[in-house]
Amino acid sequence: MRLSRYFLPVLKETPAEAQIASHRLMLRAGMIRQASAGIYSWLPLGYQVLRNIERIVHEEQQRAGAIPILMPTIQSAELWRESGRYDAYGPEMLRIRDRHDRDMLFGPTNEEQVTEIFRASASSYRDVPKMLYHIQWKFRDEIRPRFGVMRGREFLMKDGYSFDLDRDAAEVSYNKMMVSYLRTFERLGLKAVPMQAESGPIGGDLAHEFLVLAETGESEVFLDRRIVEMTLGDSAIDYDDADQLAAIRRDWTTPYARTDDTHDQAAFEAEVAAPDRVTARGIEVGHIFYFGTKYAEPLGAMLTAPDGTRAAVHGGSYGIGVSRLVGALIEANHDDKGIIWPESVAPFAVGLVNLKQGDDACDGASADLETRLAAAGLSVLYDDRDERAGAKFATMELIGLPWRLTVGPRGLKAGTVELANRRSGISEELSVDAAVAKLSLIYAGV
RNA sequence: CGGGGUGUGGCGCAGCCUGGUAGCGCGUCGGUUUUGGGUACCGAAGGUCGUGGGUUCGAAUCCCGCCGCCCCGACCA
């Protein structure tokens with residue numbers, strides 16, 4: 001993509017309303033534009049990042065056996081009356097009325113809707129287990145939207161739902177989602193720690209929140225330093241192996257890690273040695289919980305067991321804040337110059353800076369490089385503006401592309417281009433072949 | 001919803017107290033400069049001063065209402 005043909009409205013000055021780094025940088029890098037309180041338009045650069053995150057979430061959901069669907073944003077009040085939540089939900093639910101005076105609502109979540117879909121066809125133990133999910137815009141009329149996309153009113157969420165015959169089976173589904181989440185966040189280049197959450201009306205310990213550690217997080221968290229160092233890495237995961245899944249969950253939920261909602265100072269001190277005790281702040285990016293028959297009972301989603309008895313299906317729901325992740329990623333990956341995207345979600349794989357736009361040799365070499373990068377499957381943003389070098393470098397740094405190639409007359413004389421890494425700041429002079437090969441190798445791994 | 005702020009060209013702000021008909025910086029556009037880390041110069045465009053009403057000869061400025069947005073608190077992906 002040539003910058004001159006792209007739509008990248010970067011801001012030199014920081015808009016006054018933005019308080020935290022991710023919000024400031026998203027506005028400055030031209031990723032979003034506010035439409036009204038807590039509601040944003042996604043501009044090309046931001047939309048690209050959002051789609052990259054979505055893609056990874058889709059891949060990891062399906063790897064774990066969840067099946068993609070797409071439910072509507074506007075729902076009928078009828079189902080919500082059946083579940084009893086139409087009155088229970090309160091003013092956070094945006095209620096609307098259609099031309100026939102029917103009560104509708106802009107969905108804040110989809111338990112009712114998905115349970116209705118499931119109950120319409122499933123009737124026996126042979127129909128489970130099933131996990132359905134979608135990535136769809138939600139609306140919650142938050143009391144106080146803030147921090148840009150971190151707490152918007154309209155936001156993109158992955159919400160998944162599991163259906164099982166009983167609690168034990170539901171627990172297997174729960175474990176699949178926990179492992180899937182660990183993989184998802186790791187691929188996104190984030191350290192997200194599963195923390196025991198309030199389990200709500202069902203009780204038990206089957207509720208976890210995933211929090212990204214960041215100074216601007218909204219929750220205070222208490223954790224064992226050792227869990228921060230854990231990774232799934234390349235370990236082969238067999239989602240059909242219930243024992244392996246249970247073991248992973250055990251490993252990841254044994255070290256102390258809780259938010260202020262569930263924190264128990266005495267237990268914290270008893271379980272974690274003083275030097276390993278970490279108190280920090282975190283951004284909630286995921287939430288998984290088992291809710292038993294809470295929706296199946298009122299909505300009549302019943303299954304016949306092998307012994308002929310009928311009972312309500314056991315469900316769980318699993319959320320990932322996709323649009324919030326964009327903000328969380330920036331909170332975790334930025335410096336005073338701008339964003340630093342992990343390769344897996346970067347809007348472009350590499351930025352190309354032509355130091356002497358208008359010079360035949362430089363223009364030709366840049367165009368050639370652009371073609372070769374594209375042929376290697378690497379997305380490139382070529383800054384072909386007639387601008388001073390400093391301005392071009394600053395733009396690349398602001399928008400956070402992980403790699404930058406620089407073409408200039410000095411390098412060309414020596415037959416090289418400069419390849420620089422945004423995170424480390426380290427750069428090296430390479431031949432065009434070597435540079436393309438190196439980038440291909442790096443991106444083959446993400 | 002309670003508390004605190006704010007609304008003036010695309011962005012950041014001054015002007016408001018002490019009414020006289022709008023200004024600065026950045027950006028944008030047209031030139032010149034051909035640049036190795038936000039270059040310099042010349043020129044230009046762009047504003048219902050959030051909105052409705054009131055006071056006044058005259059309102060961005062004073063008064064009243066409404067709306068938007070931001071921050072702190074209770075809620076959540």
Side-chain angles (χ1 to χ4, degrees), chain A residues 9-20 23-24 27-28 30 33-39 53 57 89-93 107-110 135-160 181 184-185 192 197-198 200 208-212 217-219 259 261 282-289 317-328 337-338 353-360 362-363 383 385-398 404 406-413 417-418 420 425 427 429:
Chain A
V10 297
L11 268 33
K12 198 164 187 176
E13 282 167 285
T14 303
E17 75 269 17
Q19 299 298 312
I20 64 168
H23 191 196
R24 280 199 301 268
L27 290 169
R28 286 196 55 211
R33 177 162 177 85
Q34 182 166 359
S36 68
I39 303 178
I53 294 171
V57 172
Y89 217 92
E92 215 171 275
M93 184 155 77
T109 177
N110 291 70
I135 297 180
Q136 178 63 288
W137 292 92
K138 305 292 186 294
F139 195 96
R140 293 184 192 171
D141 203 353
E142 290 282 342
I143 296 168
R144 182 149 91 86
R146 63 186 124 172
F147 303 149
V149 299
M150 301 271 270
R151 176 170 297 285
R153 292 196 294 170
E154 188 177 77
F155 59 97
L156 189 61
M157 180 166 90
K158 188 287 295 187
D159 45 321
Y181 276 34
T184 302
F185 296 126
E198 285 180 312
H208 287 89
E209 295 175 353
F210 287 75
L211 285 103
V212 172
E218 289 190 271
S219 331
T259 66
D261 290 336
I283 302 165
E284 187 187 347
V285 293
H287 196 160
I288 59 179
F289 64 99
S317 83
Y318 314 93
I320 292 179
V322 176
S323 48
R324 174 180 286 182
L325 272 168
V326 180
K337 290 176 179 160
V353 169
N354 178 352
L355 286 176
K356 205 167 180 183
Q357 196 72 40
D359 174 84
D360 287 346
C362 288
D363 291 359
D383 188 346
R385 294 173 302 162
D386 184 14
E387 270 288 353
R388 197 175 155 77
K392 294 188 176 186
F393 288 135
T395 299
M396 291 297 178
E397 283 160 352
L398 173 62
R404 190 194 70 222
T406 306
V407 172
R410 288 182 203 165
L412 289 184
K413 206 168 288 177
V417 293
E418 182 201 50
S427 65
E429 293 287 332

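Naming: A, B, ... by sequence-line order, numbering from 1 per chain.
Between the side chain of A:Arg153 and the backbone N or O of A:Arg140, no donor-acceptor pair lies under 3.5 Å. The main-chain N or O of A:Asn354 is found under 3.5 Å from a side-chain atom of A:Lys392 such that the two form a donor-acceptor pair. Counting only distance, with no hydrogens or angles, the side chain of A:Ser323 and the backbone of A:Leu156 share a donor-acceptor pair below 3.5 Å. In this structure, the side chain of A:Lys158 engages the main chain of A:Tyr318 through a donor-acceptor pair within 3.5 Å. The backbone N or O of A:Arg151 sits nowhere less than 3.5 Å from a side-chain atom of A:Arg146 that would complete a donor-acceptor pair. A:Arg28 places a side-chain N or O within 3.5 Å of a backbone atom of A:Leu11 that can act as its donor or acceptor partner.
For the P atoms, the distance linking B:G23 with B:G9 amounts to 14 Å, nearest Å. Across the P atoms, B:U61 and B:G20 are found 11 Å apart, a figure rounded to whole Å. Taking atom P on both B:C71 and B:G37, the two are 38 Å apart, rounded to the nearest angstrom. Nucleotides B:G46 and B:C24 are separated by 15 Å at their P atoms, to the nearest Å. Rounded to the nearest Å, the gap between the C1' atom of B:C26 and that of B:C66 is 34 Å. Here the separation of B:C11 from B:C72, taken at their C1' atoms, is 26 Å to the nearest Å. Across the P atoms, B:G50 and B:C41 are found 33 Å apart, a figure rounded to whole Å. Taking atom C1' in both B:C62 and B:C17, the straight-line distance is 11 Å, to the nearest Å.
For B:G7, the paired nucleotide is B:C67, the pair qualifying as Watson-Crick or G-U wobble because both relevant distances are below 3.5 Å. B:C57 is paired with B:G20 under the Watson-Crick or G-U wobble criterion, all donor-acceptor distances under 3.5 Å. With a cut-off of 3.5 Å on both Watson-Crick or G-U wobble distances, the partner of B:G2 is given as B:C72. With a cut-off of 3.5 Å on both pairing distances, the Watson-Crick or G-U wobble partner of B:A40 is B:U32.
Residue order along RNA chain B, read from the 5' end via each residue's closest nucleotide, puts A:Gly358 first among A:Gly358 and A:Met150. Toward the 5' end of RNA chain B, the nearer of the two residues A:Val10 and A:Glu218, judged by each one's closest nucleotide, is A:Val10.
Residue A:Leu11 is out of contact with every strand shown, counting any heavy-atom pair closer than 4.0 Å. Residue-level contact check: A:Arg404 touches the bases, meaning some heavy atom is under 4.0 Å from a base atom. At a threshold of 4.0 angstrom between heavy atoms, the contacts of A:Glu209 with the nucleic acid are absent. Across all strands, A:Gly90 comes closer than 4.0 Å to no nucleic acid atom at all (heavy-atom distances). A:Ala37 comes within 4.0 angstrom of sugar-phosphate atoms only, judged by non-hydrogen atoms across all strands, and of no base. Among the protein residues, A:Asp159 comes within range of no part of the nucleic acid, since none of its heavy atoms lies under 4.0 Å from any strand. Using a 4.0 Å heavy-atom criterion, one finds that A:Gln34 contacts the sugar-phosphate atoms exclusively. Counting any heavy atom pair closer than 4.0 Å across all strands shown, A:Pro108 reaches no nucleic acid atom. Residue contacts for A:Ser36: at a heavy-atom cut-off of 4.0 Å it reaches the sugar-phosphate backbone alone, with no base atom in range. A:Gly152 comes within contact range of at least one nucleobase, with a heavy-atom separation under 4.0 Å.
Across the protein-nucleic acid pair, A:Asp261 atom CG and B:A74 atom C1' stand 13 Å apart, rounded to whole Å. Computed from coordinates, the A:Ile143 CD1 to B:C72 P distance equals 14 Å when rounded to whole Å. Atom CE in A:Met396 sits about 17 Å away from atom P in B:G36, given to the nearest Å. As a whole-Å value, the separation of A:Gln357 CD from B:G36 C1' is 14 Å. Rounded to whole Å, atom P of B:G12 lies 14 Å from atom CZ of A:Arg24. Note: CD1 (A:Ile283) to P (B:C76) measures 18 Å, nearest angstrom. Rounded to whole angstrom, the span from the CD atom of A:Glu429 across to the C1' atom of B:G36 amounts to 11 Å. Computed from coordinates, the A:Arg28 CZ to B:G10 C1' distance equals 15 Å when rounded to whole Å.
Between A:Arg146 and the phosphate of B:C76, there is no side-chain N or O to OP1/OP2 separation shorter than 4.0 Å. The side chain of A:Lys356 places an N or O atom within less than 4.0 Å of a non-bridging phosphate oxygen (OP1 or OP2) of B:U35. Taking only side-chain nitrogens and oxygens, A:Arg388 comes nearer than 4.0 Å to OP1 or OP2 of B:G37. Look at A:Lys12 and you'll find a side-chain N or O under 4.0 angstrom from OP1 or OP2 of B:G27.
In this model, a side-chain donor or acceptor of A:Glu397 finds a partner on the base of B:G37 within 3.5 Å. Between the side chain of A:Glu387 and the base of B:G38 there is no donor-acceptor pair of N/O atoms closer than 3.5 Å.
Counting heavy-atom neighbours within 6.0 Å of A:Arg33 CZ, excluding the residue itself, gives a total of 12 or less.
Within the model, atoms CD of A:Glu92 and CZ of A:Phe139 stand 10.0 Å from one another, a figure rounded to the nearest 0.5 Å. For the atom pair A:Thr395 OG1 and A:Asp383 CG, the distance stands at 6.0 Å (nearest 0.5 Å).
Listed nucleotides: B:A77, B:C72, B:C76. Nearest to the side chain of A:Arg151: B:C76. The listed nucleotides are B:G38, B:A77, B:C69; the one nearest the side chain of A:Ala391 is B:G38. Checked against B:C75, B:U33, B:A77, the side chain of A:Ser323 finds its nearest nucleotide in B:A77. Closest contact between the side chain of A:Arg410 and the listed nucleotides B:G36, B:G38, B:A77 involves B:G36. Between B:C26, B:U39, B:C76, one nucleotide has an atom nearer to the side chain of A:Glu13 than all others, and that is B:C26. Listed candidates were B:A77, B:C1, B:G38. Nearest to the side chain of A:Glu284 is B:A77. If you check B:C72, B:A77, B:G36 against the side chain of A:Arg144, the one that comes closest is B:C72.
Stacking between A:Phe393 and the base of B:G38 is absent under the criterion of ring centres within 5.5 Å and planes under 30 degrees.
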